[in-house]
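All values below were derived from every heavy atom in this structure, side-chain atoms included, with hydrogens, water molecules and symmetry-related copies excluded.
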2 protein chains.
Amino acid sequence: MIDILRQHIIGRLGNDIDNLETVLNYFKPLSVDRNQYLVKQGEVCKYVYFIAKGCLQVFVYDNEMNETTRDIVTEGTWCSELLSFGSGKPATENIRTVEPCELLAIDKQSFQMMVETIPQFDKVYKQILETSYANSVYRINTFVALSALERVKWLMEFRPKLMTRVSSKLIASYLGINKDVFSRLKAKL
Amino acid sequence: MIDILRQHIIGRLGNDIDNLETVLNYFKPLSVDRNQYLVKQGEVCKYVYFIAKGCLQVFVYDNEMNETTRDIVTEGTWCSELLSFGSGKPATENIRTVEPCELLAIDKQSFQMMVETIPQFDKVYKQILETSYANSVYRINTFVALSALERVKWLMEFRPKLMTRVSSKLIASYLGINKDVFSRLKAKL
DNA sequence: ATAAAATGTAGACTTTTGTCATTGCATATT
DNA sequence: AATATGCAATGACAAAAGTCTACATTTTAT
């Protein structure tokens, strides 16, 4: 399992990293059932997770406990409530497993030790932050002006695998449209 | 004008900074007319701007040249297409003055020299990035699930000054709703 | 100061989206 | 195996949002 992370890091920083194996030892492998919370709104996010296998939902609750999903994240990527992880302040979002997952978790202390051990690793946090920011910006610029139908088309073009992998309910909350509407629009296409 | 930036930096890093005045000298003051582009989609963003006075619009064009506004930024804050500035890749967004502006601009070379001169300044980039990310996340989680009316209410609660300061057209493109709808909803409240 | 251009509002109408109730199906639970 | 639970699809209807036109007003440019 750890090999997936090894490949990921080599892909980003190159394979001339001295203490790569030491670094990898900082990560704790976790097997998690589906529908388990990794992060809860209001609590501090203590880990950054690398998803070796599975799928996570990043979302918030509104007043009526409806879910709005900001992101659906699958294997080969990082996931965390970064701002809480970085600052130690309460998280503003929830993260929950959508499927049984294989995760590699690193806590803040280890993360900081890692940064000291391997100067290059400082870049990783920055890279994750920049990627996260880029995704958010993209999402705002893409979604805000799109109609429900256009959002569905977007999904089918750019994240087609999600259509079959996760529930319609989840996708609807990701697209910001009603689940009944989503069902109808799918039928239309 | 430079004093506004001085105060801003002191407010963030404290006033025990050795070379503060040297740092401030890196910034070029700019007076810009309204409706001038600071950054264009497709071109590289070469500066980070501090807004001493005025108002900027951060937006994208869609296929029909409609504008979608991701942010409206006023004095006392930083503004840039950070990802382009950081990577040297083409910008994905446009930035344009909404009013005549007094800006303080710093280019990348100066920015990097500054980071070397004042180690603390490394934090500034990270802070700007984190703040930008936090804003984006907030915006997604807030807006995606809100109706047009709720978005207008949100604006009146959290950014009431914009209502009188900038055009309804601009606000509508910021809220992601039609300008006629925006006009009607305002009348309702 | 004046003309030109852009903006804001309003009404009538169309289209899109949301809500609710119903049904069938699949998946857990005991 | 029987029951409960959650999810997806559909129809009927209500509500919201978008479009288009017209017109008044404000702002900008000359």
Side-chain angles (χ1 to χ4, degrees), chain A residues 32-37 55 57 59 61-69 72 96-100 143-156 160-189, chain B residues 31-37 54-55 57 59 61-69 72 96-101 142-156 160-189:
Chain A
V32 187
D33 285 346
R34 66 182 227 120
N35 288 328
Q36 303 303 306
Y37 285 85
C55 182
Q57 173 192 14
F59 67 103
Y61 289 111
D62 68 10
N63 303 329
E64 290 101 32
M65 288 295 279
N66 300 311
E67 298 176 6
T68 302
T69 301
I72 300 172
R96 192 173 52 192
T97 55
V98 175
E99 308 168 351
F143 276 40
V144 170
L146 292 190
S147 69
L149 178 60
E150 290 168 324
R151 291 179 194 196
V152 175
K153 283 180 180 166
W154 177 90
L155 188 81
M156 290 175 54
K161 287 175 189 166
L162 285 186
M163 295 281 286
T164 51
R165 182 166 180 174
V166 305
S167 75
S168 297
K169 191 186 163 194
L170 174 54
I171 292 179
S173 88
Y174 175 56
L175 297 181
I177 62 185
N178 184 282
K179 68 187 165 56
D180 299 336
V181 173
F182 177 61
S183 178
R184 263 179 269 157
L185 293 174
K186 255 193 309 181
K188 257 191 196 170
L189 295 175
Chain B
S31 291
V32 187
D33 284 346
R34 65 181 230 118
N35 288 330
Q36 303 302 306
Y37 285 86
C55 181
Q57 173 193 11
F59 67 103
Y61 290 110
D62 68 12
N63 303 328
E64 290 101 31
M65 288 296 280
N66 300 311
E67 299 177 5
T68 302
T69 301
I72 300 172
R96 192 173 52 191
T97 54
V98 176
E99 309 169 350
C101 288
T142 309
F143 276 39
V144 170
L146 291 191
S147 68
L149 179 60
E150 290 168 323
R151 291 179 195 196
V152 174
K153 283 180 181 166
W154 177 89
L155 187 82
M156 289 175 54
K161 286 176 189 167
L162 286 186
M163 296 281 284
T164 51
R165 182 166 181 175
V166 305
S167 75
S168 297
K169 190 186 163 193
L170 174 53
I171 292 178
S173 87
Y174 175 55
L175 297 182
I177 62 185
N178 185 282
K179 67 186 167 56
D180 298 337
V181 173
F182 177 61
S183 178
R184 261 179 272 158
L185 292 174
K186 254 192 311 181
K188 257 191 196 169
L189 295 175

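A search for salt bridge (charged side-chain N to carboxylate O under 4.0 Å, His left out) contacts involving A:R34 returns nothing, not counting sequence neighbours. Every residue two or more places apart in sequence or in another chain was checked for a side chain to side chain donor-acceptor pair (under 3.5 Å) with B:N35, and none qualifies. Looking at residues two or more places apart in sequence or on another chain, you find no ring-ring contact (aromatic ring centres under 6.0 Å, His included) involving B:Y37. Shown here are the side chain to side chain contact (heavy atoms under 4.5 Å, CB included) partners of B:S31, two or more places apart in sequence or in another chain: B:E102. Residues satisfying the salt bridge (charged side-chain N to carboxylate O under 4.0 Å, His left out) test with B:R151, not counting sequence neighbours, are none. Here B:E150 pairs with nothing under the salt bridge (charged side-chain N to carboxylate O under 4.0 Å, His left out) rule; sequence neighbours left out. In this view, A:T69 and A:Q57, A:S173 satisfy the side chain to side chain donor-acceptor pair (under 3.5 Å) rule, not counting sequence neighbours.
Nucleic acid contact class of B:K179 (heavy atoms, under 4.0 Å, all strands): none.
Heavy atoms only, all atoms of each residue included: B:C55 and B:C101 are closest at N-SG, 3.4 Å.
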Counting primed atoms, P, OP1 and OP2 as sugar-phosphate and everything else as base, the B/S/- map of nucleotides 10-20 of chain C against protein heavy atoms under 4.0 Å is B------BBBB
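With axes fitted over five pairs at each extremity, the angle between the ends of the helix from C:dA1-D:dT30 to C:dT30-D:dA1 is 60° (10° resolution).
Here the straight-line distance linking atom CD1 of B:I72 with atom CD1 of B:I171 works out to 6.0 Å at 0.5 Å rounding. Between atom CG of residue A:L170 and atom CZ of residue A:R165 there is a gap of 11.0 Å, rounded to the nearest 0.5 Å. Interatomic distance, B:K169 NZ to B:E67 CD, rounded to the nearest 0.5 Å: 6.0 Å.
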Show me the donor-acceptor pairs within less than 3.5 Å that the side chains of residues 174-189 of chain A make with the rest of the protein, sequence neighbours left out.
residue, atom, partner, partner atom, Å
A:Y174, OH, A:R159, NH1, 3.4
A:N178, OD1, A:D180, N, 2.8
A:K186, NZ, A:S168, OG, 3.1

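In summary, contact between chain B and DNA chain D, defined as any nucleotide atom under 4.0 Å from a heavy atom of the protein, begins and ends at D:dA17 to D:dT28 in the 5' to 3' direction.
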Please produce a list of atom pairs where a protein N or O lies less than 3.5 Å from an N or O of nucleotides 23-30 of chain C.
none

